[in-house]
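First comes the structure, then the notes that go with it.
We count residues from 1, following the sequence as given. The analysis underlying the following values was restricted to heavy atoms, covering all of them including side chains, and did not include hydrogens, waters or symmetry mates. Nothing here was measured: the structure is a model prediction, and the numbers come from that model.
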Amino acid sequence: MAIGARDFIDKLLVEKYAKEKVDNHDNLESKIKPEEVMDVMNIASHNAINYLKLSQRLAVVCYAVNSKAAKYSPVALA
C-alpha cells in the first residue's frame with residue numbers, strides 16, 4: 001500500500017505544501033490554565049456523581065410505584 005497523491009489535485013497540493021513548515025514548536029506555553037482544567041474535571045465528576053445518585057433514587061421510586069400498582073390474586077390450592 002503506497003502513501004501519496006493519487007490524482008492530479010492531490011499532486012498539486014503536495015507540491016504546493018511540500019516545503020511549508022507545519023509544526024510550531026517555538027511557543028510551548030499552554031493557552032489553557034491547569035486550574036481551569038481541574039475545575040472542568042471537578043464539575044464533570046460532580047455531574048457524574050449526581051447522575052448516579054438520581055438514577056438510584058429513580059430506581060427506588062419506580063420500584064415502589066410498581067409494587068403499589070401490582071394486583072395480587074389469590075392462588076387456588078389443589
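At a threshold of 4.5 Å between non-hydrogen side-chain atoms, the residues V65 and C62 do not count as touching. Side-chain contact between M41 and V37: present, with at least one pair of heavy atoms (C-beta onward) separated by less than 4.5 Å.
Checked against side-chain hydrogen bond (donor to acceptor under 3.5 Å, both in side chains), N66 has no partners two or more places apart in sequence or in another chain.
I9 and Y17 fall within the same hydrophobic cluster, defined by Ile, Leu, Val, Met, Phe, Trp and Tyr side-chain heavy atoms under 4.5 Å apart, directly or through other members. The hydrophobic clustering, which links ILVMFWY residues whose side-chain heavy atoms are closer than 4.5 Å, places I32 and M38 together.
More than 12 heavy atoms of other residues, nucleotides or ligands shown are found within 6.0 angstrom of CG on L54.
Rounding to the nearest 0.5 Å places CG of D39 at 11.0 Å from NZ of K33. Taken to the nearest 0.5 Å, the CG atom of L52 stands 6.5 Å off from the CD atom of Q56.
No side-chain donor from either of N50 and H46 sits under 3.5 Å from a side-chain acceptor of the other.
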